[in-house]
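Just so you know, ligand 1 is whichever comes first in the structure, and atom 1 is the first atom listed for that ligand. Fair warning: this is a prediction, and the values are worked out from it, not measured in the lab.
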Amino acid sequence: MRKFLLFGRTGVGKSSFVNTTFSDYIADTSEFEACTKFVEHYAYDSPLGNVCLIDTPGLAEEDEACDEAYLSLIRSKVDLDQIYATIYVTRLDETRFRPDEKRTLRLLTSRLGASIWNRSILVLTFAASVPVGQRQEAISRRITHIEEFLQTLTVENKLVPQFRKFHDYWLVDNIVSDWTSEGVSALSLLTA
Ligand SMILES: Nc1nc2c(ncn2[C@@H]2O[C@H](COP(=O)(O)OP(=O)(O)O)[C@@H](O)[C@H]2O)c(=O)[nH]1
Ligand SMILES: [Mg+2]
């Protein structure tokens with residue numbers, strides 16, 4: 001069973017991604033309040049293979065103390081050695097590289113260890129919210145911001161292993177289904 005650990009800020013679409021992947025409403029999602037207060041394991045025996053997605057509480061929802069509590073919860077509920085890959089979820093349609101995202105990346109790295117990025121996938125949600133003509137530029141900008149930040153963070157703090165790049169990048173829209181004609185199912189990527 002391949003286990004994937006999802007993390008990212010509140011409202012970026014982590015729980016929705018679980019639903020998109022399993023094509024069923026199993027993880028609670030919410031427009032108004034962060035609703036994942038627990039670390040939830042969703043396992044699915046698919047014809048393509050057995051996959052487990054671990055949904056976690058959204059970070060950067062309130063203050064840093066709240067984030068610390070969520071990270072302790074993740075540490076106590078998840079055996080990081082058993083994780084096949086981590087999935088960092090963030091929105092494609094944010095134009096600025098926001099301070100709360102930097103803080104989230106810094107906290108994740110310092111509390112869970114730089115090795116969480118060893119085999120990590122960057123999932124960019126809200127793809128349909130960016131007009132087609134601007135999508136490629138938005139993708140490059142988001143990837144560059146996040147990767148350069150993690151590279152600098154691990155180098156300056158002498159963290160091992162040094163971050164280089166994400167293993168893979170997936171463009172997702174959890175709500176709009178007809179935004180691209182080139183889509184493949186998330187499940188096929190997770191089991192590939
Ligand atoms: N348009 C659009 N809305 C999304 C997408 N992903 C999530 N949402 C919406 O954003 C809100 C927060 O999503 P949720 O999955 O609860 O985020 P989480 O806090 O990261 O688990 C919900 O209202 C979702 O319907 C997406 O890819 N596109
Ligand atoms: Mg959630």
Atom indices of ligand 1 within 4.0 angstrom of T10 heavy atoms, with elements: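 Counting from 1, the qualifying ligand atoms are 19 (O).
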Those atoms of ligand 1 less than 4.0 Å from some heavy atom in R9: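 By the 4.0 Å cutoff, the relevant atoms are 20 (O).
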Is the closest heavy atom of [X] to ligand 1 under 4.0 Å?
X	result
V176	no
R91	no
G11	yes

Any nitrogen or oxygen of [X], side chain or backbone, less than 3.5 Å from one on ligand 1?
X	value
F126	yes
S15	yes
K14	yes
T125	no
S129	no

Side chain to side chain contact (heavy atoms under 4.5 Å, CB included) partner of L5, chosen from I87, T86, I116: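 Between L5 and the candidates, side chain to side chain contact (heavy atoms under 4.5 Å, CB included) is satisfied uniquely by T86.
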V39, I54, L59 screened by side chain to side chain contact (heavy atoms under 4.5 Å, CB included) with I74, the one that passes: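 For I74, the side chain to side chain contact (heavy atoms under 4.5 Å, CB included) test succeeds with only one of V39, I54, L59, which is V39.
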Contact flag T56/the Mg ion (ligand 2), N/O/S atoms, threshold under 2.8 Å: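 No - counting backbone and side chain alike, T56 has no N, O or S atom under 2.8 Å.
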Residues R142, E101: salt bridge by 4.0 Å N-O rule: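 Yes.
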Pairing of R9 and E94 as salt bridge, 4.0 angstrom limit: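 Judged by the 4.0 Å cut-off on N to carboxylate O distance, R9 and E94 do form a salt bridge.
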Side-chain heavy-atom pair R103, R98 within 4.5 angstrom cut-off: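 Side chain of R103 against side chain of R98, heavy atoms only: no contact under 4.5 Å found.
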Non-hydrogen side-chain atoms of V176 and W179 separated by less than 4.5 Å: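 Sidechains of W179 and V176: in contact.
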Parallel, tilted or perpendicular: rings of F22 and Y44 (30°, 60°):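 Ring orientation of Y44 relative to F22: tilted.
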Side-chain donor or acceptor of T125 paired with backbone N/O of V12 under 3.5 Å: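 Checked: pair present.
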